[in-house]
Asks: 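Here you go, one structure.
So that the names make sense, note that chain A is the first sequence line, chain B the second, and so on, each numbered from 1.
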Amino acid sequence: MNFSAELIAWYDQNKRDLPWRNTTDPYIIWLSEIILQQTRVEQGLPYFNRFANTYPTVAHFAAATEDDILRLWQGLGYYSRGRNMLKTARMVMEQYNGLFPSDYEELIKLKGIGEYTAAAIASFSANQAKAVVDGNVFRVLARYFGISEPINSSAGKRLFQQIADDMLDQARPALHNQAMMEFGAMLCKPKNPACGICPVRIGCYAFKNNAITTLPVKINKIKVRKRYFNYLLIFKNGKILINKRGENDIWANMYDLPLIESSELLEIEQVMTLVRENIYGVNVTLKDNSGIIKHILTHQQLFIRFLVFTELPKKLHGGWFYTDITNLDNLALPKSVFKFIKDFFNF
DNA sequence: AAATCGGGGAT
DNA sequence: ATCCCAGATTT
């Protein structure tokens with residue numbers, strides 16, 4: 001057996017039972033693929049089930065509002081995925097008569113669908129001979145062939161795509177792609193891969209040369225930005241003051257609280273000075289504060305503090321509005337903000 | 001080519 | 001702490 005056949009045989013014996021593997025509906029496969037971008041199967045699975053149940057067809061999806069989608073996406077991160085999905089669902093309704101495409105060249109035109117996702121949908125739904133290259137495939141190929149070209153350089157991406165294309169089983173691309181990814185996720189893992197039971201270790205460069213820990217190669221380490229968020233939790237008579245965020249920063253178009261961001265960590269009194277100057281215009285009583293809550297994201301470290309007030313400011317800034325506390329369940333809030341408010345009001 | 005976009009789990 | 005996850009888009 002060749003490399004691909006070995007992995008398919010392994011897959012046949014070891015695959016997980018996942019709901020999106022039981023369909024060839026490109027819409028359902030699209031749902032799963034977008035949700036799983038940069039997301040572990042275990043984390044994405046409940047979201048997939050909620051989306052598939054709430055929006056059984058692309059027509060249902062296209063009829064949703066952005067608030068609906070973001071609310072259902074709440075907690076999953078990388079929210080532009082959800083916003084792009086709505087654009088794509090509406091494009092499918094208008095340009096494809098509601099019939100979700102399964103051809104690579106059509107899929108790649110849609111919002112939020114890149115090379116990987118187009119190949120995944122095309123192969124899984126229509127058995128098109130397009131090789132997927134995701135994080136798993138990068139790792140499997142780098143180790144097996146001993147490729148030290150960085151996986152996140154332009155040359156590296158081209159090289160790995162080329163190799164993946166060459167390896168693809170033209171007769172059963174869907175099975176091949178599933179096998180490559182499942183093998184990478186379950187056996188050829190980043191840490192402590194199960195080389196002892198690996199069906200292709202005899203031909204594996206990394207196994208033979210003890211290079212498991214050095215492959216694949218990745219360059220450019222991300223730099224983390226530190227930000228200091230002072231959130232104002234202002235409520236009275238069952239109403240809470242909410243802010244709708246803009247389109248650029250993190251959590252685009254989502255909801256949070258009136259925010260005073262500072263470039264460094266401030267003392268409470270320094271924040272209160274800003275609150276008096278910029279929010280109330282007069283003296284105001286601080287009812288409570290949360291202390292610093294550290295929230296770690298991939299590219300940012302957020303040092304969040306919540307300040308509680310029960311007096312209402314005279315003027316509202318852009319994006320601010322009052323809503324019933326009971327309506328908070330309908331708004332898409334960042335995980336960290338949602339958790340604090342939820343605990344604070346005990347709902 | 002580099003930066004940006006979340007949150008969570010494994011080590 | 002560090003790495004990475006069924007990556008894509010913008011700068």
Asks: At less than 4.0 Å, is any side-chain N or O atom of A:Trp30 found next to OP1 or OP2 of C:dA6? Yes or no.
Replies: no
Asks: Any chance the rings of A:Trp73 and A:Tyr78 have centres within less than 6.0 Å?
Replies: no
Asks: Looking across every strand, which nucleic acid part, if any, lies under 4.0 Å from A:Ile113 by heavy atom: base, sugar-phosphate, or nothing?
Replies: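 Result for A:Ile113 = sugar-phosphate.
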Asks: With heavy atoms under 4.0 Å as the rule, sort A:Gln300 into base, sugar-phosphate or nothing.
Replies: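 A:Gln300: backbone/sugar contact only, no base atoms under 4.0 Å.
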Asks: Would you say A:Tyr79 reaches B:dG7's phosphate, i.e. side-chain N/O to OP1/OP2 under 4.0 Å?
Replies: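 For A:Tyr79, the contact criterion (side-chain N or O under 4.0 Å from OP1 or OP2 of B:dG7) is met.
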Asks: Could you tell me whether the phosphate oxygens of B:dT4, OP1 or OP2, come under 4.0 Å of any side-chain nitrogen or oxygen in A:Lys223?
Replies: no
Asks: Looking just at side-chain N and O atoms, do A:Gln37 and A:Arg81 make a donor-acceptor pair shorter than 3.5 Å?
Replies: no
Asks: Taking the ring centre of each residue, are A:Tyr231 and A:Phe306 less than 6.0 Å apart?
Replies: yes
Asks: Mark yes or no for a side-chain to base donor-acceptor pair under 3.5 Å between A:Arg40 and C:dC4, with no hydrogen or angle criteria applied.
Replies: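 When only heavy-atom distances are counted, A:Arg40 does reach the base of C:dC4 through a donor-acceptor pair under 3.5 Å.
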Asks: Is there, by distance only and without an angle test, a donor paired with an acceptor across the side chain of A:Thr39 and the base of B:dG7 below 3.5 Å?
Replies: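 Answer is no: no donor-acceptor pair is held.
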Asks: Figure out the CD1/P separation between A:Ile296 and B:dG8, and round it to whole Å.
Replies: 12 Å
Asks: May I have the distance from A:Leu297 (atom CG) to B:dG7 (atom P), rounded to whole angstrom?
Replies: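 Distance check: A:Leu297 CG to B:dG7 P gives 5 Å.
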Asks: Whether the side chain of A:Tyr280 engages the backbone of A:Glu311 through a donor-acceptor N/O pair (distance < 3.5 Å, no angle test) should be reported.
Replies: yes
Asks: Using a 4.0 Å heavy-atom cut-off, does A:Lys189 contact any base of the nucleic acid, only the sugar-phosphate backbone, or nothing at all?
Replies: nothing
Asks: I want to confirm an ordering. Mapping A:Ile108 and A:Arg21 to their closest nucleotides on DNA chain C, which one lands closer to the 5' end?
Replies: A:Arg21
Asks: Of A:Asn243, A:Thr323, A:Asp67, which meets side-chain hydrogen bond (donor to acceptor under 3.5 Å, both in side chains) against A:Tyr255?
Replies: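 Only one of A:Asn243, A:Thr323, A:Asp67 forms a side-chain hydrogen bond (donor to acceptor under 3.5 Å, both in side chains) with A:Tyr255, namely A:Asp67.
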Asks: Please determine, for the side chain of A:His299, which listed nucleotide (C:dG7, B:dC5, C:dA6) has the closest atom?
Replies: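 Comparing C:dG7, B:dC5, C:dA6 against the side chain of A:His299, the answer is B:dC5.
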Asks: Round to the nearest Å and state the distance from A:Leu72 atom CG to B:dG6 atom P.
Replies: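 Going from A:Leu72 (CG) to B:dG6 (P), I get 17 Å.
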Asks: In this structure, how many angstroms lie between the P atom of C:dG7 and the CG atom of A:Asn177, rounded?
Replies: 13 Å
Asks: If I pick the P atom on C:dA6 and the same atom on B:dC5, what distance separates them, to the nearest angstrom?
Replies: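 It comes out at 23 Å once rounded to the nearest Å.
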Asks: Take A:Arg83 and A:Lys191, find for each the nucleotide of DNA chain B with the closest heavy atom, and name the residue whose nucleotide sits nearer the 5' end.
Replies: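 The 5'-side residue here is A:Arg83.
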Asks: Compare side-chain N and O positions of A:His295 against OP1 and OP2 of B:dG7 and report whether any pair is under 4.0 Å apart.
Replies: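 For B:dG7, OP1/OP2 do have a side-chain N/O of A:His295 under 4.0 Å.
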Asks: What does A:Gly44 touch in the nucleic acid at a heavy-atom separation under 4.0 angstrom: a base, only the sugar-phosphate, or nothing?
Replies: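 No contact.
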Asks: Please tell me which of the listed nucleotides, C:dA6, B:dG6, C:dG7, lies nearest to the side chain of A:Trp251?
Replies: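 Per side-chain heavy atoms of A:Trp251, the pick is B:dG6.
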Asks: Taking the side chain of A:Trp20 as its heavy atoms from C-beta onward, which of C:dA6, B:dC5, C:dC4 lies nearest to it?
Replies: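 Taking heavy atoms from C-beta onward, the closest nucleotide is C:dA6.
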Asks: Map A:Arg158 and A:Ile250 onto DNA chain B by nearest heavy atom, then report which one ends up closer to the 5' terminus.
Replies: A:Arg158
Asks: OP1 or OP2 of C:dG7 sitting under 4.0 Å from any side-chain N/O of A:Gln38?
Replies: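 For A:Gln38, the contact criterion (side-chain N or O under 4.0 Å from OP1 or OP2 of C:dG7) is met.
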Asks: Out of B:dC5, C:dC5, B:dG6, which has the shortest distance to the side chain of A:Arg139?
Replies: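 From the listed options, C:dC5 comes nearest.
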Asks: Do A:Gln43 and B:dG7 share a donor-acceptor pair, side chain to base, under 3.5 Å?
Replies: yes
Asks: Answer yes or no on whether A:Lys130 is positioned over the face of A:Tyr104, meaning its NZ or CZ is under 6.0 Å from the six-membered ring centre and within 45° of the axis.
Replies: yes
Asks: Is A:Thr298 side chain donor-acceptor paired with the B:dG6 base, going by distance under 3.5 Å alone?
Replies: yes
Asks: For the side chain of A:Glu182, starting at C-beta, report the closest nucleotide among C:dT10, C:dA6, C:dA8.
Replies: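 Among the listed nucleotides, the one closest to the side chain of A:Glu182 is C:dA6.
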Asks: Determine: side-chain N/O of A:Lys87 to OP1/OP2 of C:dT9, distance under 4.0 Å, yes or no.
Replies: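 No, outside the criterion.
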Asks: When rounded to the nearest Å, what value does the distance between P atoms of B:dG6 and C:dT10 take?
Replies: 14 Å
Asks: Could you check how far CZ of A:Phe338 sits from P of B:dG8, rounded to whole Å?
Replies: 12 Å
Asks: Let me know the distance between CD of A:Gln301 and P of C:dT2, rounded to the nearest Å.
Replies: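 Rounded to the whole Å, the gap is 10 Å.
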Asks: Would you say A:Asn177's side chain and A:Val132's backbone share a donor-acceptor pair under 3.5 angstrom?
Replies: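 At least one qualifying donor-acceptor pair exists.
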Asks: Would you mind classifying the nucleic acid contact of A:Thr117 as base, sugar-phosphate or nothing, using non-hydrogen atoms under 4.0 angstrom?
Replies: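 It contacts sugar-phosphate atoms only.
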Asks: To the side chain of A:Asp249, which of C:dA6, B:dC5, B:dG7 is closest?
Replies: B:dC5
Asks: When the nearest nucleotide of DNA chain C is assigned to A:Ser80 and to A:Asn248 on a heavy-atom basis, which residue is associated with the more 5' position?
Replies: A:Ser80
